[in-house]
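In what follows, a structure is listed as structure tokens, so that the remarks can point back to it.
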Protein chains: 2
Amino acid sequence: MKKFTVLYALLLSTAALADEGMWTFDNPPVKQLEEKYHFTPTKEWLDHVRLSSVRLNDGGSGSFVSPSGLLLTNHHVARGQLQKNSTAEHNYIRDGFYAAAPADEMKSPDLEVNVLQSMENVTTRVQSSVQPSMDEKAAFAARKDAIAAIERESTQKTGLRSDVITLYQGGEYWLYCYKKYTDVRLVFAPEQQIAFFGGDPDNFTYPRYDLDMAIFRVYENGQPIHSDNYLKWNAKGAGDNELVFVSGNPGSTQRLDTMAQLTMERDTVEPNVLKMLNSRIAAMQAYSARGEEQARQAGSLIFGLQNSRKAYQGRYEGLLDKNLIAKKQQEEDDFHTKVMANPEWAKEYGAAWGEIAEATRKSAARMKTQFFARPDSTLAGLALQVVRYVAEIKKPDGERLPGFHDSQLESLKFQLASRAPVYPELEIARLTASLQLGMQELGATDPHIAAILQGRAPAEAAKDLVSGTKLADPAFRKQLMEGGPSAVDASTDPMIVMARRIDPIGRADIKWLEDNVQSVTQRAGEKLGKARFLVYGKSTYPDATFTLRLSYGAVKGFPMNGTVAPYKTTMFGLYDRSASFDNATNWYLPSRWKEGRDKLNLNTPMDFVSTNDIIGGNSGSPVINRNAEIVGLIFDGNIESLPGDFAYESEKNRAVAVHTGAMVEALRKLYGAGSLADELEGTRGGSTN
Amino acid sequence: MKKFTVLYALLLSTAALADEGMWTFDNPPVKQLEEKYHFTPTKEWLDHVRLSSVRLNDGGSGSFVSPSGLLLTNHHVARGQLQKNSTAEHNYIRDGFYAAAPADEMKSPDLEVNVLQSMENVTTRVQSSVQPSMDEKAAFAARKDAIAAIERESTQKTGLRSDVITLYQGGEYWLYCYKKYTDVRLVFAPEQQIAFFGGDPDNFTYPRYDLDMAIFRVYENGQPIHSDNYLKWNAKGAGDNELVFVSGNPGSTQRLDTMAQLTMERDTVEPNVLKMLNSRIAAMQAYSARGEEQARQAGSLIFGLQNSRKAYQGRYEGLLDKNLIAKKQQEEDDFHTKVMANPEWAKEYGAAWGEIAEATRKSAARMKTQFFARPDSTLAGLALQVVRYVAEIKKPDGERLPGFHDSQLESLKFQLASRAPVYPELEIARLTASLQLGMQELGATDPHIAAILQGRAPAEAAKDLVSGTKLADPAFRKQLMEGGPSAVDASTDPMIVMARRIDPIGRADIKWLEDNVQSVTQRAGEKLGKARFLVYGKSTYPDATFTLRLSYGAVKGFPMNGTVAPYKTTMFGLYDRSASFDNATNWYLPSRWKEGRDKLNLNTPMDFVSTNDIIGGNSGSPVINRNAEIVGLIFDGNIESLPGDFAYESEKNRAVAVHTGAMVEALRKLYGAGSLADELEGTRGGSTN
């Protein structure tokens, strides 16, 4: 315990300098880096890292790791594309994939990746679009219109994907312009069993022994791209306590939420999300139990649902933790007290907390609709997108529904053109289960549910809708989109007919939410954002928004279960954990690993942890050292990190990464992918030169 | 999380049949074993297991594992004897020990081991010694007298070590007769670094990778003993979920304590014990820092102190856990309600809770004296024992202080004759630190402290006492004991003089405690013991008393840190954990293990866990299967088991054992001890036949 006391004391003494924050590249934590790590990133360093970082619009991050467009990310980020390219005959998820020759590199059906080219502060333009005389609804519309205009102008001017993002709850607005790539080909993926070794039980835990990696190559005009903006490979990795950075796209955090919002999250959102996830998982597991091919089809869905469940369970437990809640309350009290102590600030911003609380209360009362009214079905989703597409593009840009603005249309059309397979029986199972849950939670007379069921039982309705529709065919979708409102209105496709029925109900819901909740919280949030700058300056970082962020930290173990978790694991540990479970269930080894054991140097580091502050969406992010060399690949957070949505806790919160050494060791020794390893290590120019 | 839900559900469904209890061999849990495991131990099975089990009076357990007296226990149980046999030149703790030939087997300085030969219920005789007219003090003396008489008679009749033990807080008294062995020779011990791999941080945790074993051979009349009562070796070990038993000597539990006692434990005992342990550890670490030889001398002390600290920290956290306290309160409420519902019981036993609460309150007020008044010094302890010995043996047996009864004298004299080395500088450091802490906690005017210091500073007093005494010499101690009161009274040895000064103060403390606390709690405890039998029958087990107990359970992993801990670990894991910490500090490997890696089958199971209910004192106990074959060697509990002093929690409480397979694999492949492994595995008759 002495060691622990010392350890705790050390941790406490640095608490004031915890490695917290997901910092925007315009405002890196220069002061903290200097004070704690004696490192100052240059502009060139920041630009190089930013341009080497990639956002994968499937929901993850990645980085360029060769001059010829090699893109490193997680297996679990690439999983969706692997699933879409797999068939009953070619199960790339189970078996892995390696393109030894350029011609074998496998095109992804619908993967768009983005590289952040520029960032421009447009706060003044957005905020000044709102006149003092406007009420909340008018202000909401004005902001929306201003944002759409900025995005549209930028798209027209630059040809780049242009997104205006809201930071600090409206304290700032920024125009982010992205270079967009849609020809992204798979070069390598290992077997899922080694990428996700330990399965759902080990997910979000550490020590860990996963090779959660996949490598794509990015093409443009049919050729691999070439760029100096890539991260040099460092197979030695980072040492204990070494400074490392993570550059990636954390999806969403709620650290600046008010107590009213957190309470609603705990009491309403979390329990309902978990109920929905449990129902969907049960339905997909029942479907999988029908046979091997069904299990293959449902694999990625189950993976994603279980992943969400474990994450939400951890968030929920965080919110149930009295210490966390006390800390958040203290933060809010401090902020509120400081605002109210200044009469001018009090007058301008003091009402914001109450306004948010009132809007939150209203939204909680209608929360179940959000979780249980929507049909869970790829085809139903496509139908609604088609129906709305033809209507929305007729409207002025600023008045459209989210997702249908001019600047977004190209990406949307790319998604709708996907040739990813749709499995009718799987669709029926999903749709049936979600309609059953909807009936149970909302009742059969709920307008959404009634509009879908039309008096039928859930299973019957699902079967009618799925078996009657042609929407699985991208050509059919294209035809409807190009045919416009008249083609959609005339369609007798049952899924389109259903979508036409639920469209107005859903629009009314969106309108209600905008008028009663979003317009209020947006305006109040902007007040709090401005107040926060006045009280604390810009010394902090904004909540995550699935945009590029830099986090810093040290490679470091943590106190765990009565002892300490080491900063890294080794390949020995992989074989230990497998044998410890008699190679059963979630811990069996792919035959390549089982039989190839003696080829490996088992001392090779496998995974490692660092204090970097990350969250879902950071999956696939590079871990880099101060020379901007890549030393690891983020793929998870430990179980203690799950409340990180709401607060960063420096003692035990850890990011989990695959070690660069494990990747090249496996590529060379087990996968016969020496030429790929050579390309990564820069010992030759790349296989496609 | 689905898997977890299922797992939790399974665990909950068996909660009613949790593998709880440290059962006496006269009352094994036959019903539970039949219902849950469909196994019924025969009388022969129970007798064989009992006679194969050994108590080591250093504070642990063991078992016979060959017909020629091989005694298997833990390295950490043998550690004290290893320390006593080590010198600056021969560091057996660091380097290990192996006697390849019988003549090399190394005699232990002061190790007595006991085998339980018979058990007799003497409740009636003890309880009937108390007349209804007696007050508490008279009753206390009467019981003490009756017990001493029973022990004395039995010793005289059988020649066996005879102890009357109190079970169920006085609900029962039993006479346990032991065959006693004092010629116990070391055959094998590995390096401490592999026995205690992971050090204090990994202590009381799992997964674990320790070879915490040592092998003695028991001699009688200069020859190895021979007996059929030994456990056959099963190197295959036990499988997942297999029924296993632990037969050993759990030291002490407080599961039948009242809430008043638990509250005192939490608020007074635990904080003071931790304060004392922290002070002693700091003193010994400072001493160790003086040099390698000092570190060697203090090694076992630090090991024991750190072990206690971690155990007490876990107990303390258990008592601070609101769920545990609520459970205990519920148990007490149920018991109390049932007693009070019967007017006769209420009259007879209803006052007991209040009486215990009052005595506990009194004892808490004087608690600091117990922890901070006693000098921490081997020599001071010896001095006090000698001073008291010559006085006590003059008195009638029943009136003597605990430890000086006729039946105990032989073991006491064996201890006092120990030739274990005493290191003066170490003694000075210990004594100084304890006197400093005593001054700090009790003040310089405390009678104990003042009597020791005699106006000197702690360091000065300690130096005077230690450097002036000859008590390190067993011959000098013998001379004083044989010289009787006149020799002791005439002695000018400063440690004896000091002991003469503190003896009456200590006796007054003991008297106060007997009159005000023990006599009350003994009588009230007896009431509760009787009441418990009336309310619940004898369906339960008594608290642990460092006497032989049988616990049952299944080999089974447990939910841990967001995932599950496997039921076993393997040698792969040892190399992983070492490499994960860069082979540093607590996780380096002895060179034999580092260099011998390729000789080992790394798939060999190393440690494993089971649901058996154990506690300190069980260290070294055999884990046996239903055929009474040994499959493992208990050496620890997981961190979740530490509140087990107060309550058994079936979901996560696990006993940790060394796997029999690991022991023979290491003996054969790394230690060149094939002949010893052969003897264990029964493939030959034993090296000393």
Side-chain angles (χ1 to χ4, degrees), chain A residues 1-5 7 198-207 209 239-240 274 277-278 281-282 285 306 309-310 312-314 557 559-582 584-587 602-606 608 638-640 642, chain B residues 1-5 7 198-209 239-240 274 277-278 281-282 285 306 309-310 312-314 557 559-582 584-587 602-606 638-640 642:
Chain A
M1 296 303 298
K2 182 72 190 298
K3 279 182 202 310
F4 270 41
T5 313
L7 188 58
D200 186 42
D202 283 6
N203 195 18
F204 290 114
T205 73
Y206 181 85
Y209 313 92
D240 200 5
L274 286 168
L277 291 169
N278 281 324
I281 290 166
Q285 286 180 331
Q306 287 186 326
R309 177 168 59 182
K310 208 161 177 183
Y312 269 93
Q313 188 65 36
M560 190 200 80
N561 221 52
T563 180
V564 281
Y567 78 95
K568 69 176 176 189
T569 64
T570 72
M571 288 187 174
F572 278 120
L574 170 69
Y575 288 95
D576 174 56
R577 195 151 171 88
S578 181
S580 291
F581 286 100
D582 295 325
T585 60
N586 292 292
W587 296 276
L602 297 183
N603 270 308
T604 307
M606 191 88 194
F608 68 97
N638 62 356
I639 198 86
E640 294 87 343
L642 289 176
Chain B
M1 294 303 296
K2 183 71 190 299
K3 280 179 204 308
F4 270 41
T5 313
L7 187 57
D200 185 43
D202 282 6
N203 194 16
F204 291 114
T205 72
Y206 181 85
R208 197 75 166 281
Y209 314 92
D240 199 5
L274 287 167
L277 291 170
N278 281 323
I281 290 166
Q285 286 179 332
Q306 287 186 326
R309 178 170 58 184
K310 208 161 177 183
Y312 270 93
Q313 187 65 37
M560 191 201 80
N561 222 52
T563 180
V564 280
Y567 76 96
K568 68 175 177 190
T569 63
T570 73
M571 288 187 173
F572 277 120
L574 170 69
Y575 287 96
D576 173 56
R577 195 151 171 88
S578 181
S580 291
F581 285 99
D582 294 327
T585 61
N586 293 291
W587 296 275
L602 297 182
N603 269 306
T604 307
M606 190 87 195
N638 61 356
I639 197 86
E640 295 87 344
L642 290 176

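No hydrogens, no waters, no symmetry mates; every other heavy atom, side chains included, goes into these values. First the proteins, then the strands, lettered A, B, ... as listed; each starts at 1.
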Next item on the list: Considering only heavy atoms and a distance below 4.5 Å, find which of A:Y206, A:Y567, A:F608 pairs most often with chain B.
Entry: A:Y567

Note to self: Can you tell me which portion of A:Y209 sits under 4.5 Å from chain B's heavy atoms? Options are side chain, backbone, both or neither.
What the structure shows: side chain

Next item on the list: With a 4.5 Å cut-off on heavy-atom pairs, point out which of A:T569, A:N603, A:D582 contacts chain B the most.
Entry: A:D582

Next item on the list: Determine whether A:Y575 and B:T570 make a side-chain contact, defined as any pair of heavy atoms from C-beta on separated by less than 4.5 Å.
Entry: no

Checklist line | Taking every non-hydrogen atom, the tightest pair across A:F581 and B:A565 | finding: CZ-C, 4.1 Å

Item checked: Qualifying residue, where the test is side chain to side chain contact (heavy atoms under 4.5 Å, CB included) with B:N561 and the options are A:N638, A:N561, A:T205 -> A:N561

Checklist line | Passing candidate, side chain to side chain contact (heavy atoms under 4.5 Å, CB included) with A:T563, options B:D202, B:N586, B:D200 | finding: B:D202

Notebook entry, point to check: Non-hydrogen atoms of chain B under 4.5 Å away: do they reach the side chain of A:L602, the backbone, both or neither?
Noted result: side chain

Next item on the list: Find the one option among A:G573, A:P605, A:S580 whose heavy-atom pairs under 4.5 Å with chain B are most numerous.
Entry: A:S580

